Amino acid sequence: MTIIMKPNASPEAVSKVRQFIESSGLTAHLSEGTQVTIVGVVGDKTKIQGANIEMMDGVDKIVAVTESYKVVNKKFHPEDSVITVGKTKIGPGHLTMMAGPCAIENHDMLLETAYAVKKAGAQFLRGGAYKPRTSPYAFQGLEEEGLQYMKEAREATGLNVVCEVTSLRALETAVKYVDMIQIGARNMQNFELLKEAGKAGIPVLLKRGLCATIDEWLNAAEYIASEGNPNIVLCERGIRTYETATRNTLDISAIPVIRSKSHLPVIVDPSHATGVRAYIEPISKAALAVGADGLIVEVHPCPSCALSDGPQSLTFEQFEQLTRQLQPYAELSGRVLDE
């Protein structure tokens with residue numbers, strides 16, 4: 001349930017409501033907007049049944065919440081969140097571009113890519129040091145060596161760096177090197193990893209699972225947020241359907257649905273959604289048109305030589321062209337491609 005305070009409710013009135021909730025054995029989450037403060041209540045509501053909270057000083061009304069996710073729910077936090085990573089803001093008014101190779105292959109390749117995507121307008125360098133692959137014989141990533149290259153690329157270019165983690169061990173190592181961790185589609189419901197990501201406190205890019213519903217995706221985000229980490233960015237990367245023309249099927253409708261259900265920023269991965277570089281530009285334009293806060297795109301100096309996902313990776317020139325093509329779409333949606 002949510003307790004909506006009156007616009008003129010005093011800090012003392014809000015504090016009394018919060019104290020009452022917590023003294024009843026429940027958890028209170030405060031969301032202080034510019035006009036209204038909302039108190040989200042998490043726990044067994046039968047403990048306060050018949051308490052007449054609506055009669056307490058400063059309370060406007062009580063709204064029941066049926067969804068199991070509370071902290072990431074827009075009913076608790078009606079204003080859209082802006083997540084800050086380094087000097088970069090992800091959320092309303094901003095267009096965030098994350099770009100880089102699917103897998104970190106070697107030092108020189110990563111540094112070359114970092115400089116190129118920085119020049120084209122990206123604020124984040126993405127790169128995989130840990131690679132969850134379908135085949136155990138496929139390239140699994142450079143692990144900590146790759147993370148060291150990520151850190152060096154950040155120091156050389158000023159880009160934020162984001163890398164996927166696949167286990168608690170990988171998480172504990174990655175937080176020493178990167179600005180943001182990614183939890184990939186295959187681990188979206190790895191609940192122990194989600195909880196540890198929440199405890200780590202580092203910003204999290206949470207991808208949607210291959211067959212996950214939107215509510216399952218938001219509940220995964222709730223695992224992270226409930227451990228005290230509100231710095232979550234959602235990523236729609238396509239889901240598995242009957243269609244075989246593309247690698248996955250991008251659920252473009254998920255963007256406005258998330259907008260209505262959650263205050264968290266949401267970006268789109270057109271590379272994994274389609275698996276075909278020719279489709280990335282139109283899909284990216286569509287993503288911005290329906291309200292995405294940014295994109296994460298695979299870019300490689302020589303896609304034909306890539307150890308992972310070459311067919312869906314853009315060349316440096318193609319990525320630079322993409323950012324130019326997206327400028328008018330960003331302007332139409334009131335967004336700025338920050339440097």
Side-chain angles (χ1 to χ4, degrees), residues 31-34 72 74 77-100 114 116-127 154 157-163 178-183 202-208 217-218 221 224-225 229-237 250 252 254-271 273 280-281 283-299 314 319-339:
S31 175
E32 298 179 350
T34 56
V72 305
K74 198 158 192 173
H77 195 301
E79 295 184 1
D80 290 332
S81 291
V82 176
I83 306 303
T84 301
V85 183
K87 297 181 180 178
T88 302
K89 296 184 182 299
I90 308 173
H94 305 275
L95 172 60
T96 303
M97 297 293 290
M98 304 179 180
V117 299
K118 168 79 172 181
K119 178 183 176 183
Q123 304 98 338
F124 280 80
L125 173 67
R126 61 140 295 157
R154 176 181 62 198
T157 64
L159 289 168
N160 302 297
V161 292
V162 54
C163 180
V178 302
D179 303 292
M180 187 179 207
I181 58 168
Q182 172 187 309
I183 295 181
I202 188 171
V204 179
L205 179 65
L206 178 63
K207 287 197 165 186
R208 183 181 181 182
W217 186 16
L218 289 173
I224 300 168
N229 185 358
N231 300 308
I232 305 164
V233 177
L234 302 172
C235 179
E236 166 60 46
R237 46 81 69 203
L250 179 67
I252 199 73
I255 310 306
V257 172
I258 289 292
R259 285 266 171 259
S260 69
K261 286 177 169 283
S262 177
H263 57 88
L264 297 178
V266 56
I267 69 171
V268 167
D269 179 347
S271 302
I280 291 175
E281 184 180 309
I283 291 297
S284 298
K285 292 175 180 176
L288 296 190
V290 297
D293 295 299
L295 300 164
I296 180 167
V297 182
E298 291 190 350
V299 178
L314 300 181
F319 179 66
E320 188 171 4
Q321 177 182 332
L322 174 66
T323 56
R324 287 198 306 268
Q325 292 284 340
L326 293 178
Q327 287 287 359
Y329 290 82
E331 292 172 7
L332 283 171
S333 60
R335 299 181 183 276
V336 176
L337 183 62
D338 299 321
E339 295 185 1

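All of these numbers come straight from a predicted model, not from anything done at the bench.
The structure places NZ of Lys119 at 11.0 Å from OG1 of Thr323, a figure rounded to the nearest 0.5 Å. The distance from the CG atom of Leu295 to the CD1 atom of Ile280 is 10.0 Å, given to the nearest 0.5 Å. Between the CG atom of Leu159 and the NZ atom of Lys118 there is a distance of 5.5 Å, given to the nearest 0.5 Å. Once rounded to the nearest 0.5 Å, the distance linking CZ of Arg335 with CD of Gln327 reads 13.5 Å. Note that OG of Ser271 and CZ of Arg126 are 7.5 Å apart. Values are rounded to the nearest 0.5 Å. Note that OH of Tyr329 is 4.0 Å distant from NZ of Lys285, once rounded to the nearest 0.5 Å.
Between Asp293 and Arg259 there is a salt bridge, since a side-chain N of the basic residue sits under 4.0 Å from a carboxylate O of the acidic one.
Heavy-atom neighbours of Lys89 NZ from other residues, nucleotides or ligands within 6.0 Å: at or below the threshold of 12. Counting non-hydrogen atoms of neighbouring residues, nucleotides and ligands closer than 6.0 angstrom, the CD atom of Gln325 exceeds 12 such neighbours.
Residues passing the side-chain contact (heavy atoms from CB on, under 4.5 Å) test with Asn229, sequence neighbours excluded: Val204, Ile224, Asn231. With sequence neighbours excluded, the residues forming a side-chain contact (heavy atoms from CB on, under 4.5 Å) with Ala292 are Ile255, Val268, Ala287, listed by chain and number.
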**Message:** Working note: Gln182 + Ile296, criterion side-chain contact (heavy atoms from CB on, under 4.5 Å); need CA distance, chi angles, decisive distance, verdict.
**Reply:** CA-CA 11 Å; Gln182 172 187 309; Ile296 180 167; 4.0 Å; yes
**Request:** Assess whether side-chain contact (heavy atoms from CB on, under 4.5 Å) is satisfied between Leu264 and Lys74, documenting all intermediate values.
**Result:** CA-CA 8 Å; Leu264 297 178; Lys74 198 158 192 173; over 6 Å; no
**Request:** Let me see the working for Thr157 and Leu125 under side-chain contact (heavy atoms from CB on, under 4.5 Å), right down to the final yes or no.
**Result:** CA-CA 10 Å; Thr157 64; Leu125 173 67; over 6 Å; no
**Message:** Does Val117 form a side-chain contact (heavy atoms from CB on, under 4.5 Å) with Phe124? I'd like the steps, not just the answer.
**Reply:** CA-CA 8 Å; Val117 299; Phe124 280 80; over 6 Å; no
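The closest donor-acceptor contact from the side chain of Gln123 to the backbone of Leu95 lies under 3.5 Å. Listed for the Ser262 side chain is a donor-acceptor partner under 3.5 Å among the backbone atoms of Val72.
Put simply, the side chain of Val82 reaches to within 4.5 Å of the side chain of Pro92, judged on heavy atoms. No side-chain heavy atom of Arg208 sits under 4.5 Å from any side-chain heavy atom of Leu234. Looking at Val257 and Glu236, their side chains never come closer than 4.5 Å, going by heavy atoms from C-beta outward.
Shortest non-hydrogen contact noted between Ile181 and Val162 is C-CG2, 4.2 Å. The shortest non-hydrogen separation linking Met97 to Leu337 is CG-CD1, 3.5 Å. Residue Pro270 comes nearest to Ser284 through the heavy atom pair CG-OG, 3.5 Å, listed as atom of the first residue, atom of the second, then distance. Scanning both residues, Leu314 and Phe319, for their nearest heavy atoms gives CD1-CA, 4.0 Å. When all heavy atoms of Gly86 and Asn160 are compared, the pair lying nearest together is CA-OD1, 3.8 Å. Contact record, Arg154 with Val178: NH1-C, 3.8 Å, taken as the closest heavy-atom pair.
Here the rule is side chain to side chain contact (heavy atoms under 4.5 Å, CB included) with Thr96, and of Val85, Val233, Ile90 only Ile90 fits it.
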